[in-house]
There are 4 protein chains.
Amino acid sequence: MRQIQVVNSLAAAGHRVSIHGFSKRDRQDFHNGVHHCGCISGAVDFADIVILPLPYTLNNGESINAPFAGENLLLEDVISVIQPGKQLFAGKVDAQLTNLCAAAGINCVDYLEREELAVCNAVPTAEGAIEIAMRETPFTLHGSNCLCLGFGRIGKVLAKMLHGIGAKVSVAARKPSDISWISAYGYTPLNIKKMDDSIGDYDVVFNTVPQLLLDSNLLSKLKKNVLVVDLASKPGGVAFDIARELGIKVNWELSLPGRVAPQTAGKIISDTILNIINNQEV
Amino acid sequence: MRQIQVVNSLAAAGHRVSIHGFSKRDRQDFHNGVHHCGCISGAVDFADIVILPLPYTLNNGESINAPFAGENLLLEDVISVIQPGKQLFAGKVDAQLTNLCAAAGINCVDYLEREELAVCNAVPTAEGAIEIAMRETPFTLHGSNCLCLGFGRIGKVLAKMLHGIGAKVSVAARKPSDISWISAYGYTPLNIKKMDDSIGDYDVVFNTVPQLLLDSNLLSKLKKNVLVVDLASKPGGVAFDIARELGIKVNWELSLPGRVAPQTAGKIISDTILNIINNQEV
Amino acid sequence: MRQIQVVNSLAAAGHRVSIHGFSKRDRQDFHNGVHHCGCISGAVDFADIVILPLPYTLNNGESINAPFAGENLLLEDVISVIQPGKQLFAGKVDAQLTNLCAAAGINCVDYLEREELAVCNAVPTAEGAIEIAMRETPFTLHGSNCLCLGFGRIGKVLAKMLHGIGAKVSVAARKPSDISWISAYGYTPLNIKKMDDSIGDYDVVFNTVPQLLLDSNLLSKLKKNVLVVDLASKPGGVAFDIARELGIKVNWELSLPGRVAPQTAGKIISDTILNIINNQEV
Amino acid sequence: MRQIQVVNSLAAAGHRVSIHGFSKRDRQDFHNGVHHCGCISGAVDFADIVILPLPYTLNNGESINAPFAGENLLLEDVISVIQPGKQLFAGKVDAQLTNLCAAAGINCVDYLEREELAVCNAVPTAEGAIEIAMRETPFTLHGSNCLCLGFGRIGKVLAKMLHGIGAKVSVAARKPSDISWISAYGYTPLNIKKMDDSIGDYDVVFNTVPQLLLDSNLLSKLKKNVLVVDLASKPGGVAFDIARELGIKVNWELSLPGRVAPQTAGKIISDTILNIINNQEV
C-alpha cells in the first residue's frame, strides 16, 4: 500500500508514472493515467527517474523486492536498463547499490537520508506507539503517567500527542537546552542520568534512544504493571532478557510508519522525492 | 478486571472490603486486607453497602453475573441476605431489582445515573474510539479530516483528543450555542442539518448521536475510503444495511470503557460510589 | 468601533443597512453601500429591523446613546417612528423599553439573552483577562500556577487558553460533574468549598463567580504577590476592602469584550442578530 | 527586579550571597541571609563567583550599571578586587572585559551564550509579543489569522502559544525540514520565499528573523489593519520607513524578557548560572 501511495501521489502531482511488478489487484487502486508496463525496460525507458521499492531487495540482496512481479527480478538487471545520467531513488542504499550505480553512471539518491523525511516519519511512528500503548494497557493514556526517554524527533512528536490526549507527560534528556525545551513545551523534565527515584512513577515508558537506558537497575524499579514501548533502532534501549525475567511487558516496535500507516508513509516518501526533484535545499 | 479495580480502589480509600464470587486467580490481584468470603451472607453481613457486578445478572435475568463463583448465585437470594436499611449499588437497575429492594427495605442506587460517571466515561469511550480509528485506517489521524457528529459529553472529549493528536477536527451540531462552543474550542463547526456539501471531505466520521443521521443520502456522499465509527447506543446513527451495500466501513462500538480500559472503568465506578457515600451533591 | 463592526458585518452578509447618529470620522470606516441618513425616521423607514446601540441609553435613561449624533435623540422619539410589526434589537432591555415597544406593537428582542452570544463573549472576556494578567505580573503566565474559580462559560474558555500558553491550571468548582469535566480537560480540580490548604499555591487567581468567594479567610492565605482578576458581575467575588488592607492586588474587570476587542464584540452581536433573523432555534 | 530575582534564586538554592550597590528599598525584597556589603571589596572577598548586572556597564562603557550604588563604580576597579582564579559572570561580554579578565587571571563567563538560556528566554519573549498583540488589536487573537516568520526558538514557542489561545497559526520558513516540523506541530506551513499570494490573509504578523523580509513589496500586500510585531534583533525584519508611509502599524520590540517578565528573566539567568556552576554539559 505504501508503494501504491507513492505512485498515486506522484501521478496526482502531475507526473507521468509507469509501474512494473505490481499485482493485478493492486493495479485497480492506481490513479488514472498510471501506466503498467509488462517489462521492466518498458517502464524505465521513458522515465526520468526510477524509484525502487522499500526495502529494494529481498533477503538475498540480489532480487528486487517485488513479490507480485511473477518473476525473479534481479537488482543488477534493473540497473542495467537505466540510462546513464538518470536518477535512481531508493531507501537505505548500501555499498553494493552505490557501486552498481556509480559504474553505470546513474545518480543514486537515498531519500531516507533527507531530514524532512525523518521529521515527517516521526508522526506515524508516534501515532503507532500511542495505538500500541492504548491497545496493550487496561487503563486510558488520558490521566496516566507517561515517560518519554529522549527528546529527538520522535520524542518531540510523541510527547506532544500524549499531552494532547491528556496524559501526564515527562521527558528525560541529558542536555540543559533539551531540559529547557521540555519545560517550554509544558512537559515535566527529567535528567536522563538520574531516573532512579522517579522511574517507578510511570504507567507507560516510551524509549526513543538506541542505547541501553533501561538496564537491570532501572527495570527493577519500574511499576509492576508498567508497559515499555521501545521505538529505538537496534540494539534498542532495554535489557530485554532481564525485563522478561522480571515479568515486565516490553513491546519493541520498529518500522512503524509502514506498518501502522502505509498510506501516510507512502505520501511522505513521494513528498520527499518531489522536494528533491524540485531542488529544495536541505 | 473492572470489578477488581472497584474493589481495590475502595480498599485503597480506606474502606474494609469483603468479596465473594471471584476466581482464585483474580484473588491474588487484590489489595491486602480485602477479605474473600466463601459464602454470600458472610460477605454481606458486615458490610454497610453492597455492590453488584456490572451487568448484575446473566442473560436469564435471575442469576448474578459471577462466572467464577462456582455456583449459581440467584439475585433474589443475594437480596434476601441484605439487611433492611443498607445501600445496594448496581448499574442499569431495572424494575425487577427496584421492586425486590423496595420490598426488602434496601436503598438501591444506580450509579450509572450519576452525571459525573457519564462525564468520566466519555474519556475511555473517546480514547477507545481513537484506538479503533488508528487501527482501522492506513493513514495517521494526525493531519486527517475528522468529523464528530454531536457535541455532547463524548463529542467534547473526542474532539479535544483528536485535536490533541493533530487531526483537523470538525464538529456537527444543531444548536447555535453548541456551534459557538465548537468555534470557541477551535474546531470547525458544521450545521448537522446541512452536511451534504462537506460530508465528502472527511477521512473519519465519528457519530455520537443515537439517531439516524448517516442515511442513504449522506452515506452516498462519503469518501470511498472513509471509516465510520459509531459510538451511539441503539439504534445507532447509521443506516448500516445501506453502508454495507455501498462498501463503507462502519465500526459500531458500544460499551467501550469496560472493553478498552477496564481498570479506568472500575476506578470511575468506585469514585462515583465514594462520591455518593460522601454525600456529594449532584 | 463595536457599532461600526455590527453595521459592517450585516452589510457584508448582504443586508441593506442604514445608519444614523455616527460621526463623520466613523463614516469613512463603513462598508460601501451603508447608507447614512440625516434623520432618524429616514433611517428607520425602509428597515425591517432596527438596532439600538449598546447600552442603548445614556445615564439619564431617556436619551439614545449616540454621542456623535449632534442632537439629543430621545428613546421615545425613536420608538415612535418605528412601524408596528417591525423588530427592534437591543441589549439589556429594561421594563421601560419593553413597555414602550409593547404599546407601539414593536417586537423587541434582547440579543444579550441569547445563549450563543454569552458563549461567544466568553472568548474576548477570557482573552482580556489574560492580557491583564500578563500586563500586571512580573512573571510569565507560562509555568505559573493559575486558579480559576468557577467552570461556567468564562471558566471553561479561560482555563483552556491559560493551559494553551503553558500555565499550570487548577479550576475550583462545586458539582462532582464539573470536577469530572475539569479532570477530563486536563486541569487540576479543586473543591471550591475546601480551598484553605491550596489557595496559597497560586500566582494568579481568576474569579468568575458572582458570589463572595475570596473572603477574609481565603484572602489572608493568598501568596503575598498574587494577582487576583475578578471577572464576576456585581457584587464580584472578592472582599475588596479586606484585600486592599492586606495589600493584595485585585483587578475587577467588567464588560471586557467591548473594551479589549470591540471589533470581535461587534461581530458577535451581528452574528447573533443574524441567527435570530434566520430563525435559528436556541 | 531581574537582579533581585537572580540574587533570591541563588540564595534559595542554598548559596551564600553578598550584594553591593542596591537601593535601600530593594533590599527589603531580598531573602533572609542575603548580605548587603557597604563596599565592593567586602562583597567580592568571600565570594567564589561574582555576577555583574545586565547590561554590566552604563553607556560610557566604564562605569558599572548600578544606579542605586550612590557612587560611580568603575568596571576596572571591580575587576581589580576579584582574586585570580575566581569566576565572573556577565552577559554580552565584550573584548574590553575579556581582556581585563584575562590580564587579572579571572575566568569570565558569558551566560547569554548558553543555549538553554536562549531557549528559556523564548518563553517571556513570546508571551510579551502576545501581550502586545492583544493590547494593540481591536479583535481577539482567538480566531484571528496569525503568521510567524521564522521557526527558530522564538518562532516555535510563539506558534505554540498562539495556537494554544485559539489563533489560526501559519509559520513561514525556508528549509524543508522546518516545513515538516511546522506541519507536525499542526500549523500551516508557508514557504518564506513565496508569501506574495498569502501575506494579505493575516491579521497579525510576527517576525523573528533579523533580515529584511517585509520589504516594500510584501508590505504593500498586507491587510490594511494588520499589526506587525517585529521581535528580531537589529536590523529587524521590516522596511520601517515604508511601513510608516503605508500606514502599517509596526511594533519593534526588543529585550522583552527583562521588560515584560523581569522576575522570570532573573530566574532564567540564575538557573543558567547554577547549571554552569554544577558543570552541566551543553
Side-chain angles (χ1 to χ4, degrees), chain C residues 1-5 8-9 28-29 119-144 146 156-167 169 186 203-204 223-225 227 256-268 271, chain D residues 1-5 8-9 28-29 119-144 146 156-167 169 186 203-204 223-225 227 256-268 271:
Chain C
M1 190 184 274
R2 179 164 59 183
Q3 286 305 103
I4 296 171
Q5 184 63 40
N8 284 340
S9 295
Q28 70 198 22
D29 289 332
V119 172
C120 287
N121 264 351
V123 170
T125 301
E127 203 171 304
I130 286 174
E131 180 188 335
I132 289 157
M134 287 179 170
R135 190 186 68 212
E136 299 289 334
T137 52
F139 48 80
T140 55
L141 292 184
H142 182 281
S144 71
C146 292
K156 284 189 177 75
V157 178
L158 181 55
K160 183 182 187 303
M161 286 186 176
L162 287 168
H163 183 80
I165 54 172
V169 182
D203 301 305
V204 189
K223 253 189 199 178
K224 188 185 138 200
N225 294 314
L227 171 70
L256 280 173
R259 285 163 48 205
V260 301
Q263 217 169 80
T264 302
K267 182 77 168 51
I268 291 170
D271 283 352
Chain D
M1 190 184 275
R2 179 164 59 184
Q3 286 305 106
I4 296 171
Q5 183 63 42
N8 284 340
S9 295
Q28 69 198 25
D29 290 331
V119 172
C120 287
N121 264 349
V123 170
T125 302
E127 203 171 301
I130 285 174
E131 180 187 335
I132 289 158
M134 286 178 170
R135 189 185 68 212
E136 299 288 334
T137 52
F139 47 81
T140 55
L141 291 184
H142 182 282
S144 71
C146 292
K156 283 188 177 74
V157 178
L158 181 54
K160 182 180 188 305
M161 287 187 177
L162 287 168
H163 183 79
I165 53 172
V169 182
D203 301 305
V204 189
K223 254 189 198 177
K224 187 185 139 200
N225 294 315
L227 171 70
L256 280 174
R259 285 163 48 206
V260 301
Q263 215 169 81
T264 303
K267 182 75 168 53
I268 292 170
D271 282 351

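The structure displayed is predicted, hence computed values, not measured ones. In what follows, chains carry the letters A, B, and so on, assigned in the order in which the sequence lines appear, proteins first and then strands, with residues in each chain numbered from 1.
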Winner by heavy-atom pair count (cut-off under 4.5 Å) against chain D, out of [options]:
{"options": "Pro257(C), Ala265(C), Pro262(C)", "answer": "Pro262(C)"}
{"options": "Val260(C), Leu141(C), Thr137(C)", "answer": "Leu141(C)"}
{"options": "Lys160(C), His163(C), Met1(C), Arg135(C)", "answer": "Arg135(C)"}

Measure the [atom1]-[atom2] distance between [X] and [Y] for me, rounded to the nearest 0.5 Å.
{"X": "Ile132(D)", "Y": "Glu131(C)", "atom1": "CD1", "atom2": "CD", "result": "10.5 Å"}
{"X": "Glu127(D)", "Y": "Ser144(C)", "atom1": "CD", "atom2": "OG", "result": "7.5 Å"}
{"X": "Gln5(D)", "Y": "Phe139(C)", "atom1": "CD", "atom2": "CZ", "result": "10.5 Å"}

query = Tell me, do Met161(C) and His142(D) make a side-chain contact under 4.5 Å, heavy atoms counted?
reply = yes
Choice from Ala261(D), Ala133(D), Gly143(D) maximising heavy atom contacts with chain C below 4.5 Å: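 Among Ala261(D), Ala133(D), Gly143(D), the one with the most close pairs to chain C is Ala261(D).
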Smallest separation among heavy atoms of Thr264(D) and Thr140(C), with atom names =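 Looking at all heavy atoms of both residues, the shortest contact is OG1-N, 2.9 Å.
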